[in-house]
Structures are given as C-alpha cells and as structure tokens.
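This report refers to the structure that appears directly beneath it.
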Amino acid sequence: MRVRPWLTLVLTICLISVTGLAAAEASVMGFTDTEGLWGDEAISQAQALGLVKGKQPAIFAPKDNVTRQEMIVMLLRALGKDDEASNLDLGTLNLEFPDSAEDWARKHIALAVQEGLIQKSKLPNINFKGPASRLEAAVLIAMALDLPQGDAELPFGDINQIDSYYIPYVKEVVNNNIMKGRSGDVFAPQENISRMEMATLLCRLVDSGYVNPAPGRYFIGKVLLVNSADNSITLQTTGGTSTYHLSPQCMVYVDGQRLQLGSLSVGSNVKVVLDGSGRCSFLAETNAGVWTPSAGTGQEGGTAGSRNTGYVVNKFINSFTVRYNDGTTEELDVLQITKFEEDGFPRQYWNLKPGYKVRLQRLGNMLTGVQILDNTPRFFGEVLDINSREIEIKDADGYERDYDLASDCTIKDREGYRVDREDIDEHDEVELVLNGDGEVVTIVVTPRETVEGRVAYVNAGDREIIIIDEFGQVRPFKVLPGAAIRDEDADDDEDLDLDDIDTGFEVVLVVNDENEVIRIEVDDRSILSGKVTELDLTSDEITIEDEDDNDETYDLAEKVVVYDEDGDETYLGDLNVGDEVTLTLDLNDSVTRIQITARRLLEGIVTNIDDRDNEIRIDPEEGRHQWYDVDRDAEIVRDGEDIDLDEILVGAEVEFRLSGGDIIYLEVVDDEDITVRGKITNVDENDREITIKQVSGERFTFEFEDRADLEDEDGKDIEIDDLRDGWEVELELDDGLIEDLRVLER
C-alpha cells in the first residue's frame, strides 16, 4: 500500500542533526566522510550557509536519512519563520500532537498547521520521527515553489510506482532541474532521501534563486585578483569591486574538487558565502553569471507572482475567485475544470468553500483541476474598521465583510510578534483565521503603504504608472498582474483594467514591500476636458470651455508639457483657440500636461496668395486679414483631390488647421458660389469666356451664364464685346459660372 505524502508544505529545506538545527551561520570545515563524493561541494556550501552540520565534528553521515519533523523545522527556518514559530502559544491552538513530535519541533509543526502546510485532521497520525521519502520531498518542494509543470514527460522506468495524483508534482521538480533521478533511470519515489541528496537539493534551490537563506552573505562574483600570500580574493560583483579575506577553514572548490585558493582562475566566476565577520567561508568556481539573489523567500508559501496556490475568496455559480500568494487575484471559470480533489479523493464544486486553500492544476493556459489543500477558513482583505467585537474588511473582490472576533483572538504581525488592536490602521492588509463557529481566532497584520496622487502617465502594456503625489513628487510604480483596480464611485462592482486609467485620475495606490502596486482605487476619474477659448502666455493662463459651456481659467505650471493628437510632444505655440484638449493638473490645480485631442478647423476667405514664399492671406473674421505660412508638407485639397497653392482662387472660402502658427491643412470648401476680382487679360466672345489675373498673379478663366448681367462702373448694362483687357472687374459666380459682372475700373 502506498503511503501518501502527509504534508502540504512551502519552500526550501535546511538540513539539521536529529537533536536540532544549525545556527544561522556555522563554522566551516571539510567533513572527512564526504571528500571525493559527488555531493561534497554542496554539503560544504550548505554548511557555510548554516543549513547543515555534522553529526560529529568531522562526520556528516551523508547516507543517513532525514526525518519528517526535521524537514518541517528546516523549511520554516529557511522561510524566515523561526521567530514566528518560537512566539506561538501552543496552549491556545488546540492541537493534538502525536508522541512522535518531539518538543523541540512542536512549535514549528504548529506553525505549519496554522500556515496550512499540514492538515490539522492528519496531525495525530503522522510519524514525525520517520524518514521522508524522495516522493515526499518532491511534493514538498513542488508545492513550496509553485513551479510550472512543463511539457516534458518523466524519463523514468519506475513511473508506475508514482501515484497519478502526485505525477504533476514530480514533473515540476524534475522539469525545472530541482530533482534528478537515481542511477538506472529511476526516480525511486519510495526510497528515503539522504542527507547528501538533501544538501544538494538545498544548494540547487539557493543557486537557482528560489531562496536565499543568507541575505547579504551569498552571491556570485567575478575573480579579479587572487592573493595567496594575503589569503584574500578581489571580486567584481553587482555592487562593485571588493576584496575579501578567507576564514582559516574556508573551503575552495574547482570542478567539484577541494583545492587551494591559488587554484581559482582570474576571470572565472565563483559562488561566495561569507561568515558573520565578512570573511569567505566557501568559494566554488561556477558557470553562473555574476548576481546577488534576492533575499525574499515569501511569507505565504510560494515564490512571488506564483499563480498555482491560493485561497478561495468568493464562490459564484459558474466561477470562483482565488487570491494568490503575491496578493493578486483571478476569477476562474468552473466549466473548464474536469476534477476537484481533497487528499486524493474526488470532490465536487459544492465542496469548495470560501476561505479554503487550493492548488490549481493547469494544462497550458487552461485550468483543469483543483486540489483542496486546507479547509480551515482563511480570509484576506483590507481593514475598514475594527473594534473589540468585530472586524470589517474589504475582500479581494471588493465586497465588504464583517467577522466576529473570538474572545481569545490573537493579533500578530508577519514575524509572529504581538500587535495591539489599536495599532491596526485603515488600508492595512489582514489575514483572518476562523474557528468552527466562524469567529476570528487569529489576525495576521501586514501594514500597507498607500500613496495618493494624480496620474501623470500610464502604460498598460508595460504595466507602469507614474503619479504626482500630494507633495508634488513624481513617483513611478510597477503594477502587478492581477492587481485590483476599482472606481469607488462606479455604479457596478466590476474591476477596471489598467488601460481604463487615464492621466488626470486621482488615485490611491496600495503597494507591497517591493513597492509594487497591488491595488488601485480611483477617487476621481474625471479629466478636465474642453475647448480652448483663451490662451494667455503672458499671464501663463489657459481658459477652456467645458461641456456645460462654462469657462474655467487655470494657471500653467512652470514646465507644462504639450502633446499633439498623435501623442508626440510639442509646445504651447502649437495650441490654438478652438482646439479640444484634456488638462492634467497638479495638486495646486496648475496645468502640468495638455493633450490636444482635436484641432479646430478655422474658417475664412482667401484674400491673397504668395506662391513664391508659400504664404496665404485669409480673412478669418470680418475686417481682419492675416498672412499665414503654409507648411511645405501641408495637405491642400478641393473636392477630396489634392491641389497646389497656386490653384486656389482669391475669394474662395476655406477651412484650415494650424500647427505652430503654420497651416498644415487647408481645404477649399467653396470656390463656385463666391465673388472674385481681377484684371481682364482676355475676352473670348465666341466661347463667352473671359480670363482675369488676380492679385496673386494667377490667371483664371470663367464662362458666362446665358443670362448673365454685365454693368459698367456707372451701373449701365454692357455686352461681352464691350469688355477690354486691363479692366478691373468683380465677378459673382453661381455654380462656377459668371452670374454678374461689374466693372470696377477701366
């Protein structure tokens, strides 16, 4: 009969003796019973990191087994939860420990239960002194790291010895190069994991960056200088160049072999572990690049951004919401899921309850299965109010929830230290653990920083947002995928997307310890939009007319930025009265950003054209004439066809658009029902046509209507054959034909 792994655990493993764990940093020495073994280097590295120690001063016992209770303590120590475990009051937890759980491990075991790493109902039946199998280690690590499963099939001949329930876990650790098979192409799932295997596993986790149990003491550097006489080494790291002395018992490895300091090659990269005094206690050449792994190991199990395990927030008819370990959420479609399981037994969707911890199984982007890991209800949310009797939170879906506090409710921070109820502030994130009566027995508080301000820039594709805070500081942030974005004044409860956020929005950002945005609350989503009615650059003021036809005047900030319709940066001189704009204001209501959304088309009558200098004079208002430069790339059209500047009639009605004072677009809207002037240069009686030369110097020919009226300067009727070259005439056109002709000057 196969024994199912009994833990649902999180992250790394530290190796210890049967009676206790190694200190945070250990003196390093070479074990006499590991030299020459394939795991010798890893054992020395793990010892230097404080993860393992010998059973005797020079004896490591590499082939001995690791017990289950050792693994629990190792994990929690590696996760930085040792103090939290030590601060637990076992008398308040109502746990039934088996005799196999020794006193030195019980607080860590209790924390594992509280964290959902061990099923509380299974606790009394676990043999904690028994050895852990390789399969148990694989499941332990897979659930800890939330690794992607990968597509590769397991290459082992004994795959049939692994229960199908656990195949996904084994795939995760194997396909991500965390665990390997044993000789003979077998995984040996039921065999015990040895101390040497565990030490090697630990170092793979550390070297891969999944965990760093010694922040600041472990890194990889490039060798610049080896000084055997001074027993020192100079390294280039991500932080610069530094020289380190070696401790007397520092272990040095090249190609897995114990060697002397002088064996290290200049230019090679080395893994470095420092002791508490800053001296090297371990050096080993590596092919890995120079880096400093992050110090974070996660507080809730799983790596940052993990989307494989989480807690059910709310449950709906065809979907449910899961809160992941990084604080982000996702709504999942039940119709995709082919199986629900708990402890390897089939379950149904109705067995799933809010607050349950679950693990998600995916095939590509499709969710295929849900495993219930822990049915002790835990809820997460933002504090709205708390008193001696109840706590009110807003959950990850934006719903407001009230929970009664148990009489023995304890409040603590993430490190396990006691927190007074009065120290809990609005916006703090809390984790609530409920008892069987639905009362809160534990509150774990995570203070959250909030930043208020106005959005100055947002890039939904790169998930970037920049705000101007209440002190006028420009502050950039990364927005986590899955971050909740809500409008507090919206009529519905649906989340917004990042591309729904625009410049000018007033927002409250809730950020995590990495200064990443986990929630955005929109306080005011209105943007000042309107039509420019006045632009006074002398007084640095702009007046816009809003949709209610009200004029509002705003001061221009010292460094106002202007963008055209295409999003390209331009300048204030490019802005014109009549343009449609949106304004971004700082906290002093001064305009810091102007986005031109639509250009106003000006109207007027052409009164002159200088084709040589590419200029045109237009009368946009009665009695007012103005010369405009025409941009060389300006678009000039009539009836949808492109024309040249010299094809425009003086007297034509036009619409035009300016940029920087120059005409960039001009359209002839009427040159057939207008009045034009010019000097006659030719008369054709037979074709009933005349040609005139306008003030622009261009000549145009017009045809008379059949009943056209012709008058001399005294108002007397004349005929076409009375007209002479050189006479100044005024023509009234109807549909492009001369309807009336009046002689202005002979």
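Everything quoted here is computed from the prediction, not taken from an experiment.
Of the possible donor and acceptor atoms, one in the side chain of Ser281 sits under 3.5 Å from a partner among the backbone N and O of Val273. Within the 3.5 Å criterion, the main-chain N or O of Leu352 finds a donor-acceptor partner in the side chain of Lys315. Checking side-chain atoms of Arg195 against main-chain N and O of Val66 turns up no donor-acceptor pair under 3.5 Å. Proximity of a side-chain donor or acceptor of Asp33 to a complementary backbone N or O of Phe60 within less than 3.5 Å is detected. For the pair Ser247 (side chain) and Cys280 (backbone), a donor-acceptor distance under 3.5 Å is present. Of the possible donor and acceptor atoms, one in the side chain of Arg106 sits under 3.5 Å from a partner among the backbone N and O of Ala101. Under the 3.5 Å distance criterion, the side-chain polar atoms of Arg68 are matched with a main-chain donor or acceptor of Asn127. Using modelled atom types, no side-chain atom of Thr200 and backbone atom of Ala42 make a donor-acceptor pair closer than 3.5 Å. Asn176 places no side-chain N or O within 3.5 Å of a backbone atom of Val173 that could act as its donor or acceptor partner. Of the possible donor and acceptor atoms, one in the side chain of Ser100 sits under 3.5 Å from a partner among the backbone N and O of Ile126.
Atom-to-atom distance recorded for Leu49:CG and Leu274:CG is 10.5 Å, nearest 0.5 angstrom. One finds the OH atom of Tyr166 at 15.5 Å from the CD atom of Gln161 (value rounded to the nearest 0.5 Å). Note: Tyr324 OH to Leu360 CG = 5.0 Å, rounded to the nearest 0.5 Å. Expressed to the nearest 0.5 Å, how far CG of Leu90 lies from NZ of Lys107 amounts to 6.0 Å. Annotation: the span from Ile162 atom CD1 to Arg134 atom CZ amounts to 9.5 Å, rounded to 0.5 Å. Atom CG of Leu261 sits about 7.0 Å away from atom CG of Leu283, to the nearest 0.5 Å.
Looking only at side-chain heavy atoms (C-beta outward), Met196 and Ile43 come within less than 4.5 Å of each other. Between Leu246 and Arg279, every side-chain heavy-atom pair lies at or beyond the 4.5 Å cut-off. Between Val430 and Thr446 there is no side-chain heavy-atom pair separated by less than 4.5 Å. Using a 4.5 Å heavy-atom cutoff, the side chains of Pro189 and Asp158 are in contact. Side chains of Thr376 and Val433 form a contact here, defined as non-hydrogen atoms less than 4.5 Å apart. Val139 is not listed as a side-chain neighbour of Glu136, based on a closest heavy-atom distance of 4.5 Å or more. Counting heavy atoms from C-beta on, the side chains of Leu135 and Tyr169 never come closer than 4.5 Å. In this structure, the side chains of Leu264 and Ile233 come closer than 4.5 Å at one or more pairs of heavy atoms.
Ala396 approaches Thr329 most closely through the heavy-atom pair CB-CG2, 3.1 Å. In terms of heavy atoms, Leu335 sits closest to Asp333 at N-OD1, 3.0 Å. Among all heavy-atom pairs drawn from His108 and Ala85, the shortest one is CD2-CB, 3.8 Å. Of all non-hydrogen atoms in Ile178 and Leu201, the two that sit nearest each other are O-CD1, 3.0 Å. Across all their heavy atoms, Arg217 and Ala48 have their closest contact at NH1-O, 3.7 Å. Lys120 approaches Leu93 most closely through the heavy-atom pair NZ-O, 4.2 Å.
The pair Glu197-Arg182 counts as a salt bridge, with a side-chain nitrogen and a carboxylate oxygen less than 4.0 angstrom apart.
Ser133 and Gln190 share no side-chain donor-acceptor pair at under 3.5 Å. Using a 3.5 Å distance cut-off with no hydrogens or angles, the side chains of Asn314 and Glu331 do not pair a donor with an acceptor. A donor atom on one side chain and an acceptor atom on the other are found under 3.5 Å apart for Tyr218 and Asp207. Defined by atom type and a distance below 3.5 Å, a donor-acceptor pair is present between the side-chain atoms of Asp397 and Thr321. In summary, the side chains of Ser44 and Tyr253 do present a donor paired with an acceptor at a separation below 3.5 Å, with no hydrogens or angles considered.
Residue Ile317 qualifies as open at atom CD1: its count of foreign heavy atoms under 6.0 Å is 12 or below. Within 6.0 Å of CD on Gln257 lie no more than 12 heavy atoms contributed by other residues, nucleotides or ligands. Other residues, nucleotides and ligands contribute more than 12 heavy atoms inside 6.0 Å of the CG atom of Asp462. No more than 12 heavy atoms of other residues, nucleotides or ligands lie within 6.0 Å of NZ in Lys222, so this atom counts as exposed by the packing criterion.
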Glu330 and Arg323: CA distance, side-chain angles, deciding distance, salt bridge (charged side-chain N to carboxylate O under 4.0 Å, His left out) verdict: CA-CA 7 Å; Glu330 183 179 13; Arg323 178 193 184 273; over 6 Å; no

Step-by-step side-chain contact (heavy atoms from CB on, under 4.5 Å) determination, Ile337 to Phe320: CA-CA 12 Å; Ile337 302 171; Phe320 63 100; 3.7 Å; yes

Residues Lys478, Glu516; criterion salt bridge (charged side-chain N to carboxylate O under 4.0 Å, His left out); working and verdict: CA-CA 5 Å; Lys478 277 286 186 182; Glu516 300 164 323; over 6 Å; no

Criterion side-chain contact (heavy atoms from CB on, under 4.5 Å) on Val322 and Val313, from CA distance to verdict: CA-CA 6 Å; Val322 170; Val313 180; 6.0 Å; no

Criterion side-chain contact (heavy atoms from CB on, under 4.5 Å) on Leu88 and Lys412, from CA distance to verdict: CA-CA 10 Å; Leu88 284 181; Lys412 59 185 180 179; 3.8 Å; yes

Stepwise side-chain contact (heavy atoms from CB on, under 4.5 Å) check, Leu123 with Ile109: CA-CA 9 Å; Leu123 179 62; Ile109 293 172; 3.7 Å; yes

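For the side chain to side chain contact (heavy atoms under 4.5 Å, CB included) test, residues two or more places apart in sequence or in another chain that qualify with Glu341 are Tyr165, Lys339, Gln371.
Within the structure, the ring pair (Phe, Tyr, Trp, His ring centres under 6.0 Å) test picks out the following pairs touching residues 171-197 (sequence neighbours left out): Phe156-Phe187. Among pairs with a residue in residues 36-50, those fulfilling salt bridge (Lys or Arg N to Asp or Glu O under 4.0 Å) read Asp40-Arg258, Glu41-Lys271, at least two apart in sequence or across chains.
The ring of Phe380 has its center closer than 6.0 angstrom to the ring center of Tyr311. Taking the six-membered ring for Trp and the full ring otherwise, the centers of Phe219 and Tyr244 sit less than 6.0 Å from each other.
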